[in-house]
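Accompanying notes for the structure given below.
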Amino acid sequence: MVRAIVGANWGDEGKGKITDMLGEQSDIIIRFQGGSNAGHTIINEYGKFSLHMLPSGVFYQHTTSIIGNGVALNIPFLQKEIDEIVSKGVPRPHILVSDRAQILMPYHMEFDAYEEERLGGKAFGSTKSGIAPFYSDKYAKIGFQVSELFDDEILKEKVERVAEQKNIILEHMYHKPLINPNALLETLHVYRDIVEPYVCDVAQYLRKAIKEGKNILLEGQLGTLKDPDFGIYPMVTSSSTLAAYGAIGAGLAPYEIDNITCVVKAYSSAVGAGEFVTEILDEEEAEELRKRGGDGGEYGATTGRPRRMGWFDCVASRYGVQMQGATEVVFTVLDVLGYLDEIPVCVGYEIDGEVTKDFPVTAKLKKAKPVYEKLPGWKSDISGITKYEDLPENCRKYIEFVEKELGVPIKMVSNGPGRHEIIVREA
Ligand code: GDP
């Protein structure tokens, strides 16, 4: 069985918790896109962890954690995270890294920062993790595959060739220090020694695992609205965030993905710049939700930046689950909304005087104004509740309203950050 866990919105929907939870029944967990630019927060018996590179399965001894070919592999981060979890008492995880994954180079992070600096007020709000320069190089065919670390002659020639090209830009466009090819080659030797024990032909490994009937989880990062094709371009990430890409970024046949679990958050939050129709513009009102949100407030797992807050957006979320091809929804952080008398929910966008329920392209999205419906709040703490029927009536009404709007069954409701704080709805 192959299941993908992906986000419907801007990311931070709580996918880490759901992956960690469903990881219990999985043999293999794979990251298939993105890099260390977003983090998953996981709370379990070992403590609280913020993972950027490692899949969320690393806490179980029975699972194999894989970094797929679609990922931007930051090797120093990989090592740091392995060392950190081991130092906190987690048994050394079984990790595999695709021999076809490409390496996030030190200069990718630098180029990311330089470009944001150059753009000034027009910056993308990048996390400066080097993701856009990394994927640019991958598709410009000047990226470095893990497999290339093991052929020193080819590596040396390529380092010199790429450094020459990068140095022209560094010198003339950014006026920054140049890359020393010898030093870069040495760094890559260090990377090679770190990654060597984990390198694997992942596609072949997965083919065998599928034949053996193993349970496989594909772990997505960010969400539909950050997808470079279907998101709020150009304020998107640089690799596809869609479940469909799970097949490519892991090395599976597309028809092997049986279940697409889409994580949808009970309100909205976003990091970085970009269109956000239901954003709460009153700073006091936004801060009230922000400080109650997630676990310890809505602040970026990678950057610590305060997230932008908004009300639930049916238009964006329905589009989000549709583009993911969701077979089921997990509705998260619902416990956070227990303080509100009334909860605004966006049911349409008004664009040029017309109301639409379809999520538009970015140029139109810029003009969209939210059309709200107000649902009654439940004014109580729902954390600790384990049965759907035990939720307050208005809370169930909120869930069922959203479910109808999404058009996909909400199979689970998450009412707290912990692994077992989940309500499974009976069919
Ligand atoms: P991800 O990138 O999608 O995994 O999202 P994050 O790691 O940013 O998760 C969002 C935050 O919400 C984390 O701090 C989680 O511990 C927390 N969280 C996840 N599910 C719930 C929930 O149902 N209720 C509450 N209160 N917090 C949750």
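All ligand and atom numbering here is 1-based and tracks the order in the structure. For the single chain, residues carry numbers from 1 onward in sequence order.
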Are any of the side-chain nitrogens in R292 or E288 under 4.0 Å away from the carboxylate oxygens of its partner? yes

How about D27 and H62: does a side-chain donor come under 3.5 Å of a side-chain acceptor? no

Does N69 use its side chain to pair, donor to acceptor, with the backbone of I248 at less than 3.5 Å? yes

Going by the order shown, which atoms of ligand 1 are within less than 4.0 Å of some heavy atom of S414? 20 (N), 21 (C), 22 (C), 23 (O)

Enumerated ligand 1 atoms positioned under 4.0 Å from heavy atoms of G16: 1 (P), 4 (O)

What do you reckon, does L334 have a nitrogen or oxygen under 3.5 Å from a nitrogen or oxygen of ligand 1? no

Does G11 have a heavy atom less than 4.0 Å from any atom of ligand 1? no

Distance flag, aromatic centroids of F59 and F49, threshold under 6.0 Å: yes

What do you reckon, does E13 have a nitrogen or oxygen under 3.5 Å from a nitrogen or oxygen of ligand 1? yes

List ligand 1 atoms under 4.0 Å from G416, heavy atoms only on the residue side. 20 (N), 21 (C), 22 (C), 23 (O), 24 (N), 25 (C)

Counting heavy atoms only, which of V336, V333, D20, V263 comes nearest to atom 21 (C) of ligand 1? V333

Salt-bridge criterion met for E148 and R100 (N-O under 4.0 Å): no

Taking distance alone, with N or O pairs closer than 3.5 Å, would you say I43 contacts ligand 1? no

May I ask you to identify, for D12, whether its side chain, its backbone, both or neither come under 4.0 Å of ligand 1 on a heavy-atom basis? both

Residue-level breakdown please: for R307 versus ligand 1, do any non-hydrogen atoms fall below 4.0 Å on the side chain, on the backbone, on both, or on neither? side chain

Quick one: sort the F331 and F312 rings into parallel, tilted or perpendicular, breaks at 30° and 60°. perpendicular

Under 4.0 Å from ligand 1, counting heavy atoms only, is it the side chain of K17, its backbone, both or neither? side chain

Y267 and E298 side chains, donor-acceptor separation under 3.5 Å: yes

What residue among I103, D137, I131 forms side-chain contact (heavy atoms from CB on, under 4.5 Å) with H108? D137

